[in-house]
Each structure stands twice: as structure tokens, then as C-alpha cells.
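In what follows, every chain begins at residue 1, and chains take the letters A, B, ... in the order their sequences are listed.
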Number of protein chains: 2
Amino acid sequence: MPIDPHSSRALYRQLADELRSKIYSGELKPGAQLPTERELMEQFDASRNTVRLALGQLANEGLTVSGRGRGHFVRASAPLLFLATRSESPDRRANTANDAWTTDVTAQGRTPAQTIEVSIVRPPQNVASLLELEEGETTALRTRLRTVDGEANSLSMSYFPMSIVATTEIVQPDDIVRGANRVLAEIGHDQVRYLDQITARMPTPDERDALRIGAGIPVHEHVRVGYDADDVPVRVAVTVLPADRHIIQYELANAQ
Amino acid sequence: MPIDPHSSRALYRQLADELRSKIYSGELKPGAQLPTERELMEQFDASRNTVRLALGQLANEGLTVSGRGRGHFVRASAPLLFLATRSESPDRRANTANDAWTTDVTAQGRTPAQTIEVSIVRPPQNVASLLELEEGETTALRTRLRTVDGEANSLSMSYFPMSIVATTEIVQPDDIVRGANRVLAEIGHDQVRYLDQITARMPTPDERDALRIGAGIPVHEHVRVGYDADDVPVRVAVTVLPADRHIIQYELANAQ
DNA sequence: AAGTCCCTGTTGTTGGTACAACTGGTGCTA
DNA sequence: TAGCACCAGTTGTACCAACAACAGGGACTT
């Protein structure tokens, strides 16, 4: 019995440790139900507050989920989906009726869909700096909510300097089947170099809402800056990916 | 007054929303102290438990930190540090007394250090599968805890198939200044291709401990598989990076 | 001037209670 | 058989109380 009331470690932490190790060891398998709060109260001679503190800890670590009237369950390990970065390779874009992402997802046997909104905005500070914009310059913003099999999947915001795209179809709220990148290329701003920065954080309430993100699940924030042949940044794409549904993958050839 | 006791939204959620929006709007700046729990109890006419539920929510989102006897504070935004992936480019490794990471960190004006442990282990399932090992095969494991300016920074575990490295200095618990990759190259297993997979999750208690990770901060798990010219996987490096201290960066040239 | 002690204020931990809201099953009814 | 009503069980929300542990400042001592 690993519960020691004389230990300096808080009781609820010991309880959380106990349950956590049962999850890691496999004694409690994904999908399995944990003991009810009442059972844990009796087993460990603790108050309900204490038991709930421990269970809350596990939930915040992304290990468990719970539902009113149902119980606490070990989170079923996610049906992982790939974001193949590097899928913008040139030969992928031409001639197909779909963009690279749609093709990727379809290839995995899932059903993709997306809604697009377009607006003209002053970009956030970090985007403005990546695009090397002057104070007050505006951008076209194409916001994309992607769904797979009807479930929200990722949220992508692409910023284009208005000074470059003002007269193109990028500012039209339509799906551009051949890809916005191709439009850029047609007006002489083909992207020849990318800079990717990946951060991880807990989602904002808006994101939790839009992407149906459970408690204890972080998000990737994937920022891609595209540069044209003159080294001018022509696009910043910010993609928010719930971490339980996405692995970001890169394939690198060791040049030389 | 956004607090509505008749709302269906739980009181502690409304309170959390209220405080959160003050943080996002900048009314509460990084480092600023939030009202004390007693003050919040009075302002919102709520019990201490309810107030603490709201504050706990913010902490789990990584927005605030608290300390016994001190108070609750808006988390000071992180002094971000870069992990320049792609720093293994060939010309970087030769002739220097330091490895690529040490060079990188020093270039940023910080003081790096690392401790290395070596052992022979049966690798975890996912690593075994990435290395295409048979059941029961063992690997050399070099575990590296890196610190910057005396603070724990990242945890890296590199697995090498014993069938390849058994007779090399990789199994010795010493620092290999020219890099383990170079040793691999010398015995005919130069890595010409990498596969990187990046996931994000909440840290395990061990990791929280070893890397001093605050509540509400996720980690990146960066997995790199190195393949030699015969497409044989010769190394799997798993690196755990606290997300408040690391941005993962890739530079990509659009081949052709 | 420097150090020590203590006191106050703060968060951390743990106990208790009550009711609301929801799930899943049981058994009844049409 | 299908549908409905109900009930027991479970988690969610909210309240109250008490003590522990720690930080920081003020007062006092040396």
C-alpha cells in the first residue's frame, strides 16, 4: 500500500501517482473505467475533494476523461493522423483538382472537408514582423477550418501582403483549387524557401471550442514563412493542430 | 459586470473567463499579481473553493503561476530559445572541439552544459519499430540532460542498435566531442537521410521533475530517425523539450 | 548596521455537506 | 416490439471550516 498519511507528499498527489502508474503500467488500459469517486474515497480513506483533486490532476495531464453520470476513463489513445509537411513539393500541386492536404487525407481513407473565410486585416505583431511589413500595412487573411470525417481537425490562417495580392483571386472568398501558392507563383512570387517554427501550448478557449479539444491536450502551432526567389516573404501560414490528433513529420535529405 | 449567477455557465468558469480576458487584453501584464483569493471571494461573492477552481483552470492553461505565501501571478512570457534543427549539416561537425548544440547555445551568449549516461537496454516498442529491430535485440542508449545557464533545458535519448555499435566508443560513458554521428560515419554508417516526427503532450511527472516544468506547460517530443546510405536506420534520437523554452525551427529549400 | 524573531497575509491541503445534471438500465405501457 | 417513465448511480458545481506551510515585512536585539 503506497499511501502513507505521514508522508510530506500531499495525499491527493500520492493518489494521483498511484492511479497514474496503473495507467502507465497498463493495469488500467485505454478506455477502461477508473474506480468511481466513492470507491476511491473508501479505498484511500480520503474526502471527495481530495479524490477529485487527484482525478483532476490526471485529466490535466491528458491521461483521463470524465463525464457526468458516466465515470472517469483512461483516454483512448488517439487514432493518430499525419500532417506530412513537405507535401507542398512542386509535382504535387499541378493538374489535380484537389489541394495537397485533401489528397493526403483522402489517401488515408478519411473524408476531408474545409470552410474558408477571407478578410483584409492588420496582421498580429509577430506575423507583421515575419512578413517584414511597415507599420499599418494590411494583409489578406484566408482562414481555413478543416474537418476530417465530420470532426474539426485543424485551423489554419494564411496571411498575404496586400501589396502583393490585392488584385488576385486570393482576396476572393472562394476555394482556389490549384492552391494559393500557385497563384503567387503565377504573379512572379514562387516560393523557393520556407522557414518553419513550431511551438506548443495549451489551447485558448476559442480554439478548444472550434476544434473540440479535450482538457489536458496541448496544441501545436506551426508557422510557415514562404520566401520568393528574391528572398521576400510572401506568405505566413499559422496552423493550429490539436496534439492528440497530429504528428508533424519532416523528411530531410542530408544535403551533400 | 459579466458575472451572471443565473447563467448556465458555471460560476468558476465565468470567473476564469473574466480573469483570462484581462490577461489576454493586457490589463494584467506578465508578472503582475492577480487579486488575492480573499479579494476575489468578496468581489465575486463566491466561496474560496470556487475561486480556487477558476485560478486552477488558468494555471492549467499555462497562464498563471502561484506560490504559497506569495500570491497568483501572470506568467512572465518566456525568454525563448531556439532549437535549430538542421544544425547537423556536415560542415558543422568537423574540427570543432564542441558539438553542434554547444556551439549553437554559446553563439546565443548562454552557458551550456550536459551530463551523459550510457546503458544497454531493450528499447521501447516505438523505438524498436523505427529501428526495425527483431524481438529481443538490444540498443545502446545515450541519455543526455542538457542545461543552459545552470537550468535544466532538455532531455535527449539516443538509441543505437547494438549490432552496429557494440565495439565502438558509443557504448563508453564518455563525452564524444566529435559527435556520435561522426563515429557512426567512421564505421560506414553515415546518415544521409532523416525522418523527424514531432508530437506534443503534457510532461510525465519524471520529466516535470528533471526539467523543472511548471504546471500547464506542455512538452515537444522530437523524434529523429537517421538512415545510412543503404536505408538502414542506425539511430533514433528522442528529445523532450519544455514548450515554454523552445521553438523548433526548420529551414527548407524547395528542391527544384 | 546587521542580524533575528515574530506576526500577518497568502496559498496549499483536507475534511465536510448539499444539490444539480446527466447516463444507463429497468420495467412498465401502449 | 417500441417507446416512455422512472430510478439508481455518477460526476459537476458550490458552499463552509480548519489547519499547515511559506513569504515578506516590521520590530527588536546585538
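Whole-Å rounding puts the A/Q33 CD to D/dT11 P distance at 7 Å. For A/F44 and C/dT13, the CZ to P distance is 18 Å, given to the nearest whole Å. Following rounding to the nearest Å, B/L55 (CG) and C/dT10 (C1') show an atom-to-atom distance of 12 Å. Atoms CG (B/N49) and C1' (C/dG15) sit 11 Å apart, rounded to a whole Å. In this structure, CG of B/L53 is placed 12 Å from C1' of D/dC15, rounded to the nearest angstrom. Going from atom OH of A/Y12 over to atom C1' of C/dG15 covers 15 Å, rounded to whole Å. Whole-Å rounding puts the B/R52 CZ to D/dA17 P distance at 17 Å. Rounded to a whole Å, the CZ atom of B/F73 is 12 Å from the P atom of D/dA23.
Using a 4.5 Å heavy-atom cutoff, the side chains of A/H72 and A/E37 are in contact. A heavy-atom distance below 4.5 Å is found between the side chains of B/L130 and B/V223. A/V238 is not listed as a side-chain neighbour of A/H222, based on a closest heavy-atom distance of 4.5 Å or more.
Between the side chains of A/N49 and A/Y12, no donor-acceptor pair is found at a separation under 3.5 Å.
Taking 4.0 Å as the cut-off between side-chain N and carboxylate O, A/R201 and A/E207 count as a salt-bridged pair. For the pair B/R75 and B/D244, the salt-bridge criterion is not met [side-chain N within less than 4.0 Å of a carboxylate O]. Here B/R20 pairs with B/E61 in a salt bridge; the nearest charged N to carboxylate O distance falls below 4.0 Å.
Nearest to the side chain of A/S47, among C/dG15, D/dA14, C/dG12, sits C/dG15.
Within residues 57-67 of chain A, the residues approaching DNA chain D are A/S66, A/G67, by heavy-atom distance under 4.0 Å.
For B/E42, the side-chain hydrogen bond (donor to acceptor under 3.5 Å, both in side chains) criterion is met by B/R38, not counting sequence neighbours.
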Start with the C-alpha distance between A/Q197 and A/E221, add both sets of side-chain angles, then the distance that settles side-chain contact (heavy atoms from CB on, under 4.5 Å), and finish with yes or no.
-> CA-CA 8 Å; A/Q197 292 186 342; A/E221 187 173 303; over 6 Å; no

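Contact check, B/R38 against C/dT11: no side-chain N or O comes under 4.0 Å of OP1 or OP2.
Of the residues near DNA chain C, A/A46 and B/T36, the one whose nearest nucleotide (by heavy atom distance) lies more toward the 5' end is B/T36. Summary of the strand contacts: A/T50 and B/P35 both lie near DNA chain C, and taking for each the nucleotide with the nearest heavy atom, the more 5' one is attributed to B/P35.
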Contact list (N/O, under 3.5 angstrom) for nucleotides 18-22 of chain D vs protein:
residue: D/dA21; atom: O4'; partner: B/R68; partner atom: NH1; Å: 3.0

